[in-house]
Number of protein chains: 2
Amino acid sequence: MSRRSVSAKDVADLAGVSRAAVSRCFTPGASVSPDTRARILKAADQLGYQVNRLASGLIRNETGLVALIASEIATPYRSHLLSALTEALQQAGKVALVINTDRSDASVERAMRQAISYRTDAAIILSGMPDQSLAETCLRNGMRLVLINRDEEREGALRVRVDDAEAGRRAVAILFAAGCRRIALASSAADTPSLRGREHGFREAATRSGIDWIEERRGMTSYETGRTLGMALLARPDRPDGIFCTTDLMACGIMDVARWRLGIRIPEQLSLIGFDDIAQAGWEGYNLTTFRQPVDEIARRSIDWLLSGNGGDSIKELAIETTLVMRRSVAQGVVATT
Amino acid sequence: MSRRSVSAKDVADLAGVSRAAVSRCFTPGASVSPDTRARILKAADQLGYQVNRLASGLIRNETGLVALIASEIATPYRSHLLSALTEALQQAGKVALVINTDRSDASVERAMRQAISYRTDAAIILSGMPDQSLAETCLRNGMRLVLINRDEEREGALRVRVDDAEAGRRAVAILFAAGCRRIALASSAADTPSLRGREHGFREAATRSGIDWIEERRGMTSYETGRTLGMALLARPDRPDGIFCTTDLMACGIMDVARWRLGIRIPEQLSLIGFDDIAQAGWEGYNLTTFRQPVDEIARRSIDWLLSGNGGDSIKELAIETTLVMRRSVAQGVVATT
DNA sequence: CTGAAAGCGCTTACAG
DNA sequence: CTGAAAGCGCTTACAG
């Protein structure tokens, strides 16, 4: 705020060269003689010179900034994904601008405008959805768009999708094979694309199998909601003996309520399957069987796409596969299912 | 990358005014007649104009960017703090540039250079420490510096400290009051200022009280380390009946190993106290008595300081108090201690 | 209130 | 290989 920082001009003066030479010295692949390069580098080091990315972004039309737009970023799954994304971005020489939203359309819109303001090279959206016109504005400005676990498509954007429905279907098969005869779907009322997919797959397979099933959907995706869900599902006389919970975080809540409040033994009296494979699912206190989202792969492939020029016919959809992580929250059934 | 985005010139042309007028229209407090303002706003909206913060940052010498430098950002405590900081920053009209480090000096240095490159208004450092000269470079450039839970001071930077040692001392008193007669300190080998403070307080109080105590320090601060610590401390015949663990995350590991591997009942056979009050500490499966770090307060006060001009004699240190959260991991002792 | 002009720090053809 | 010059999109005195 007070003093201005050292500029290329300062370095040029000290090294006895032109400003252009200094610029070239810091531009990969530009031609500078070894001698002047050495002089410039020395002067730069002496002065503590750091190229001003604001100015260079302005004329090169590439800032190195990538916006990460998400809600509930302190949540285990989200923070893991954010961390992977940030890391992958850094590997690629970019830097993450993280913008918190409250999942309302208005806040997503505000976030997108921020991204435009800073002329980020791309925006990766993990929650909510910008409307079509705003997305077009971004694309028109040359900004690339990645939508993670979103439903709708946006012309020119990359959609990253996980096989949610398939997981829901497999969960039913696993519970059935474990000997469960009355199963339940537990989910939040958040109504996001991912949740919908998992719910849909479950319902489809459960209905088709003819097995006795119920469902419960409440609140937002949180541990607390899991507890509510657990009480609603397990405090009744005809309680289910198997539950597929659309999120590990909620599954932890269900498990705790079952175990500590209702005295239900897991997996002997209740089989439970989650989704995400957050760190806690692997903790000894939970040992939750779940579907793992390959967070690092999602991050890596998203960033790869971002970096791979904007070829007109580049891929528009990335299908990511989850993998089943068998732990100890499902009863040993008659048949081992994978 | 392809096309350039719409600029103030475009808006000016459409509205039939000068570029300066457009600029003023988006500068709070600048004088524009209601009539021209309306025309400009209309044109801007039509064109989808968004002020270029790169350019404005360049001349105003204020970018609105704040760097958040931290390692292990997917960890419960860190992600919570990061989330609070991001949120507070947004409330203040700033935006967070988050930079991941691996806690090595080199990576912190790289992060700081990034921050300088983007001319962030400030940098908030949660892990590691930049060397003096680099910190001075930042300060000289008018960048403000906040050090959270760091030891050393940097002239002109704000240090935010939590009463770590006091917590360590109180933990000893609580364990003693709970009837524990052989207590242990469990910590990671990470050797960060916060950990050192908590360890120091514990040792001091334990030694002074004359109670029988041991300690174990291993690995990095993680759940897994907690399990290792638990095995080391609890699988021995003369195992402690009370443990103060410097981090909730590790305490969860200790608790799980005690309960599920060694069959030790908590709190009947073992009292456990953690630190941080991460979400999991409040989960029914853990119910961990711990010291809460007021994350939102830390974030809010740090940002307040950032915003409050750089008055020469502004405060340089912020002492934050933790509060004891009594849950159910400590045995009911003779006396209730708070 | 409003516009013309200068300037922030950079990069990039264009000559030499 | 190197420098002079133009220009990126903005803001801010300076006149009017």
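Numbers restart at 1 for each chain; the letters A, B, ... are given by sequence-line order, proteins then strands.
- Side-chain nitrogen and oxygen atoms of B:S18 include none within less than 4.0 Å of the OP1 or OP2 phosphate oxygen of C:dA4.
- The cationic group of B:R300 does not satisfy the cation-pi geometry with B:W305, failing either the under 6.0 Å distance to the six-membered ring centre or the 45° limit from the ring axis.
- A salt bridge links A:R161 to A:D151: one of the charged nitrogens lies within less than 4.0 Å of a carboxylate oxygen.
- Atoms CD1 (A:I59) and C1' (C:dG7) sit 16 Å apart, rounded to a whole Å.
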With both pairing distances under 3.5 angstrom for Watson-Crick or G-U wobble, and | for a partner in another strand, the correct string for DNA chain D is |||.||||||||.|||
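- Atom CG in A:L54 sits roughly 15 Å away from atom C1' in C:dG7 (whole-Å rounding).
- In this structure, the CG atom of B:D13 is 12 Å from the P atom of D:dG9, given to the nearest Å.
- Listed nucleotides: D:dG7, D:dC10, D:dT11. Nearest to the side chain of B:T27: D:dT11.
- Within the 4.0 Å cut-off from OP1 or OP2 of C:dT2, at least one side-chain nitrogen or oxygen of B:S33 is found.
- Taking side-chain N and O atoms only, A:T36 has a distance below 4.0 Å to OP1 or OP2 of D:dT2.
- A salt bridge links B:K94 and B:E62; the closest N-O separation between the charged side-chain nitrogens and carboxylate oxygens is under 4.0 Å.
- Although no hydrogens or angles enter the test, the distance criterion places a donor-acceptor pair under 3.5 Å between the side chain of A:D10 and the main chain of A:S7.
- With respect to the salt-bridge test (charged N to carboxylate O, under 4.0 angstrom), the residues B:D191 and B:R196 qualify.
- Formation of a donor-acceptor pair under 3.5 Å by the B:T27 side chain with backbone atoms of B:A30 is not found in this model.
- Rounded to whole angstrom, the span from the CZ atom of A:R19 across to the C1' atom of C:dC8 amounts to 11 Å.
- Distance CG (B:N52) to P (C:dG9): 16 Å, rounded to an integer number of Å.
- One atom, CZ of B:F26, and another, C1' of D:dT12, lie 17 Å apart when rounded to the nearest Å.
- At the phosphate of D:dG9, neither OP1 nor OP2 sits under 4.0 Å from any side-chain N or O atom of A:Y118.
- Salt-bridge annotation for A:R154 and A:E152: present, with a side-chain N of the basic residue lying under 4.0 Å from a carboxylate O of the acidic one.
- Both A:P34 and B:S7 lie near DNA chain D, and the one whose nearest nucleotide falls closer to the 5' end is A:P34.
- Nearest nucleotide to the A:V32 side chain, out of C:dG3, D:dT2, C:dC10: D:dT2.
- The residue among B:R37 and B:A55 whose nearest nucleotide of DNA chain C is located toward the 5' end is B:R37.
- If you measure from atom NZ of B:K9 to atom P of D:dC10, you get 12 Å, rounded to the nearest angstrom.
- Comparing A:R24 and A:V6 by the nucleotide of DNA chain C whose heavy atom lies nearest to each, the residue mapping closer to the 5' end is A:V6.
- Contact annotation: B:S23 does not reach the phosphate of D:dC10 (side-chain N/O to OP1 or OP2, under 4.0 Å).
- One atom, CG of B:N141, and another, P of C:dG9, lie 11 Å apart when rounded to the nearest Å.
- Looking at the side chain of B:R60, the nearest of the listed nucleotides D:dT11, C:dT11, C:dT2 is D:dT11.
- Distance from the side chain of B:A20 is smallest for C:dG3 among the nucleotides D:dC10, D:dC8, C:dG3.
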Please report the C-alpha distance between B:R19 and B:V22 in whole Å, then the side-chain angles of each, then the deciding distance to 0.1 Å, and finally whether the side chain to side chain contact (heavy atoms under 4.5 Å, CB included) criterion is met.
-> CA-CA 5 Å; B:R19 300 204 295 296; B:V22 176; 5.6 Å; no
